[in-house]
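Since this is a predicted model, take the numbers as computed values, not measurements.
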Amino acid sequence: MIRWDGAALRVAVGTSRPAGLDDRPWTLLPTSFSGPTVHAILEGDAGPALCYPPAGLGGLWASPPPSAALGALLGGTRAAALSLLDAPLSTGELAAMLGLAPATASHHLTTLRDNGLIVGVREGRVVRYARTVLGDQLVD
């Protein structure tokens with residue numbers, strides 16, 4: 001999600017506002033408390049900041065793999081998707097985590113949603129999906 005292209009630091013974060021267009025320097029903040037995602041803080045007295053997971057966290061934020069029984073019931077991809085949704089994720093985030101095309105991830109999310117295992121909540125232009133109580137029970 002963060003890469004240096006030789007001329008600029010490229011950051012893939014979910015913001016619709018242009019960031020870093022002024023002359024203020026960015027503060028880089030490695031933090032293991034914000035999970036495995038990158039967060040840009042654009043407002044603040046000290047200027048913009050970028051929070052990111054430091055190297056060496058290992059599997060701290062990784063979800064356990066789905067059980068073989070859940071995979072047999074739902075199929076491997078849907079079982080993996082349901083297991084990852086212990087925290088809300090967008091279609092794009094889930095697709096990246098599973099190595100799927102967004103349309104494929106969307107198809108799996110729709111099937112899980114239609115069967116009452118997940119629910120989607122709109123946040124601006126993004127829909128984030130999380131497990132329902134039934135989905136939690138199935139994963140557990």
Side-chain angles (χ1 to χ4, degrees):
M1 296 177 70
I2 304 173
R3 67 181 174 82
W4 176 255
D5 70 4
L9 185 65
R10 302 289 178 185
V11 181
V13 294
T15 180
S16 58
R17 296 177 50 196
L21 297 179
D22 57 17
D23 291 330
R24 296 182 301 167
W26 280 76
T27 302
L28 301 178
L29 300 169
T31 178
S32 57
F33 300 109
S34 64
T37 58
V38 175
H39 302 277
I41 302 169
L42 304 177
E43 305 291 331
D45 294 337
L50 185 68
C51 300
Y52 63 94
L57 285 179
L60 178 65
W61 294 104
S63 296
S67 70
L70 185 61
L73 178 65
L74 299 177
T77 303
R78 287 195 187 114
L82 188 61
S83 294
L84 288 171
L85 291 172
D86 54 349
L89 295 171
S90 69
T91 302
E93 291 167 336
L94 185 70
M97 293 172 83
L98 293 174
L100 300 173
T104 303
S106 177
H107 171 74
H108 290 300
L109 288 168
T110 298
T111 301
L112 293 170
R113 187 197 64 217
D114 290 350
N115 286 282
L117 300 176
I118 64 171
V119 64
V121 176
R122 180 164 294 282
E123 294 178 2
R125 296 185 331 185
V126 176
V127 176
R128 296 205 179 278
Y129 296 91
R131 289 193 306 245
T132 62
V133 172
L134 179 60
D136 284 338
Q137 291 171 340
L138 197 56
V139 168
D140 291 340

What's the separation between atom CG in Leu112 and atom CD1 in Ile118, rounded to the nearest 0.5 Å?
5.0 Å
What salt bridge (Lys or Arg N to Asp or Glu O under 4.0 Å) pairs are there with at least one residue in residues 96-124, not counting sequence neighbours?
Glu123-Arg128
Straight-line distance of Leu100 CG to His107 NE2, nearest 0.5 Å
11.0 Å
Heavy-atom nearest pair, Leu98 first then Ala80, reads CD2-CB, 3.7 Å
With Asp136 via side chain to side chain donor-acceptor pair (under 3.5 Å) - residues at least two apart:
Arg131
I'd like to know if the side chain of Ser83 and the backbone of Ala79 have a donor-acceptor N/O pair within less than 3.5 Å.
yes
Under a 4.5 Å side-chain heavy-atom rule over Ile, Leu, Val, Met, Phe, Trp and Tyr, are Val127 and Val119 clustered together?
no
Residues Leu89 and Leu84: closest non-hydrogen pair is CD1-O, 3.7 Å
Where Ala105 and Ala95 come nearest, the two heavy atoms and their spacing
CB-CB, 3.7 Å
Find the distance between OH (Tyr129) and CG (Leu117) and round it off to the nearest 0.5 Å.
14.0 Å
Is there a donor-acceptor contact under 3.5 Å from the side chain of Thr91 to the main chain of Ser106?
no
Hydrophobic clustering (ILVMFWY, side-chain heavy atoms < 4.5 Å, transitive) - are Leu109 and Met97 grouped together?
yes
Leu74 CG to Thr111 OG1 distance, which is reported to the nearest 0.5 Å:
10.0 Å
